[in-house]
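Reviewing the structure listed below.
Start at 1 and go down the list; that is how both ligands and their atoms are numbered. For this chain, numbers begin at 1 and follow the sequence in order. All values reported here derive from a predicted model rather than from experimental measurement.
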Amino acid sequence: MRKKIVAGNWKMNMNISEGLALAGSINKYFLDNPSKRAEAVLCTPFIHLAGVAETLKNSKLSLGAQNCASEPSGAFTGEVSCDMIKSTGAQYVIIGHSERRTYFNEDDKLLNKKTLLALKSGLTVIFCCGEVLPEREQNIYFQVVKKQLEVGLFNLQPEDFAKIVIAYEPVWAIGTGLTASPEQAQEMHSYIRSLIRERYGKEIADQTTILYGGSCKPSNASEIFAMPDVDGGLIGGASLKKDDFCAIVNAV
Ligand code: 13P
């Protein structure tokens, strides 16, 4: 059985006290109501990591960052390295989110560099891929995602690739209220799994967790998560509300 995961991506939201309060309330909920099916991950801004790690001590919740530097250390003012992230107690890092690709010009080669560093630091990578609306309309969304994975991930050794979580986030569904239909999500997830099978074989493909992201909420999570190749979600807006996030974790 592959791992089911629901990760909340807080993006650039919450000051420290709001973030600690949110993490504390989600933690309390899962201490009272342990999730049997999915691992829940909170991906906070960098400055929250150490504090939230303290809040989550002895809990079942996991912690992640939303980005990392593409160099291991040194004179890179303002950057945060994978080793620093790991030293906060975080276990995960999101790499290749469409907002990083779009607003910070991160390309597949750079994302590959970040991925290799993150693995070296012992972090689990949530690697994002997905097409923009014109690419879907032109029917080239399979080619787009294939290239993102080939350049971003497929030079990894099998034992490293086995530690990757993939998140399919169609960019047209992020923050728009437009969710991919369960069938659209399944079609892409099954395609992604077929690419992994071709490159790494059936065993690794069957074990790879593939998350869906894009306007996922309590009202649509169950039907998307019911698809055979959807193994959980990467949640933006709804992860900022304790009740919504916990309901989505429970929808797995
Ligand atoms: P929304 O859930 O707000 O659409 O964001 C999805 C996302 O980008 C998660 O990384």
Side-chain angles (χ1 to χ4, degrees), residues 4-14 18-19 22-23 26 38-46 48-49 52 62-68 85 90-104 106 111 114-115 118 123-133 135-136 141 144-145 148-149 152 164-182 184-185 188-189 192 209-225 227 230-252:
K4 308 271 183 187
I5 297 173
V6 175
N9 175 7
W10 291 5
K11 308 193 179 182
M12 196 173 71
N13 294 294
M14 302 269 149
E18 290 164 346
L22 176 62
I26 294 171
E39 173 170 348
V41 187
L42 307 183
C43 295
T44 76
F46 289 131
H48 295 60
L49 287 172
V52 172
S62 299
L63 178 63
Q66 302 167 12
N67 178 33
C68 61
I85 293 169
Q91 302 92 347
Y92 285 84
V93 60
I94 297 172
I95 291 180
H97 192 280
S98 69
E99 287 147 20
R100 302 287 325 165
R101 292 175 184 265
T102 307
Y103 304 137
F104 303 96
E106 297 193 356
L111 299 173
K114 291 188 175 196
T115 299
L123 292 165
T124 298
V125 173
I126 300 176
F127 188 91
C128 302
C129 58
E131 80 286 357
V132 297
L133 188 57
E135 292 165 341
R136 175 148 289 259
Y141 50 99
V144 168
V145 168
Q148 290 171 341
L149 297 179
I164 301 284
V165 173
I166 291 177
Y168 169 57
E169 299 205 304
V171 182
W172 46 271
I174 296 178
T176 57
L178 278 179
T179 321
S181 68
Q184 285 173 321
M188 181 58 88
H189 283 227
I192 291 171
T209 298
I210 308 177
L211 311 180
Y212 168 80
S215 298
C216 205
K217 35 188 188 270
S219 58
N220 60 25
S222 307
E223 53 174 13
I224 297 174
F225 296 166
M227 292 290 128
V230 178
D231 307 311
L234 182 55
I235 318 301
S239 75
L240 300 171
K241 295 182 200 126
K242 174 222 147 203
D243 289 346
D244 284 3
F245 183 68
C246 295
I248 295 172
V249 176
N250 287 333
V252 172

Closest non-hydrogen protein atom to [atom], residue and atom name please, with distance?
atom: atom 7 (C) of ligand 1; result: E169 OE2, 3.1 Å
atom: atom 2 (O) of ligand 1; result: G236 N, 2.9 Å
atom: atom 5 (O) of ligand 1; result: K11 NZ, 3.3 Å

Side chain to side chain, V249 and I26, heavy atoms closer than 4.5 Å
no

The criterion is salt bridge (Lys or Arg N to Asp or Glu O under 4.0 Å); which residues satisfy it with E169, sequence neighbours excluded?
none

At less than 4.0 angstrom from any non-hydrogen atom of [X], what atoms of ligand 1 do you find?
X: G214; value: 4 (O), 6 (C)
X: A173; value: 4 (O)
X: H97; value: 7 (C), 8 (O), 9 (C), 10 (O)
X: N9; value: 9 (C), 10 (O)
X: G237; value: 1 (P), 2 (O), 3 (O)

If I compare all heavy atoms of S62 with all of Y92, which pair ends up nearest, and what's the gap?
CB-CE1, 3.8 Å

Determine the minimum heavy-atom distance between A238 and D244, stating which atoms define it.
O-CB, 3.5 Å

I want to know if ligand 1 touches [X] in the polar sense, i.e. an N/O pair below 3.5 angstrom.
X: G175; value: yes
X: S215; value: yes
X: I174; value: no

Can a donor-acceptor pair be found, under 3.5 Å and without considering hydrogens, that links the side chain of Q91 to the backbone of T124?
no

Say whether, by atom type as modelled, one donor and one acceptor occur between the side chain of K4 and the main chain of G232 under 3.5 angstrom.
no

Point-to-point distance, once rounded to the nearest 0.5 Å, from CD1 of I126 to CG of N9
8.5 Å

Check: residues 213-220 side-chain donor-acceptor pairs under 3.5 Å, at least two apart:
from	atom 1	to	atom 2	distance (Å)
S215	OG	A173	O	2.7
S215	OG	G177	N	2.8
N220	OD1	K217	N	2.8
N220	ND2	T179	OG1	3.1
N220	ND2	S215	O	3.0

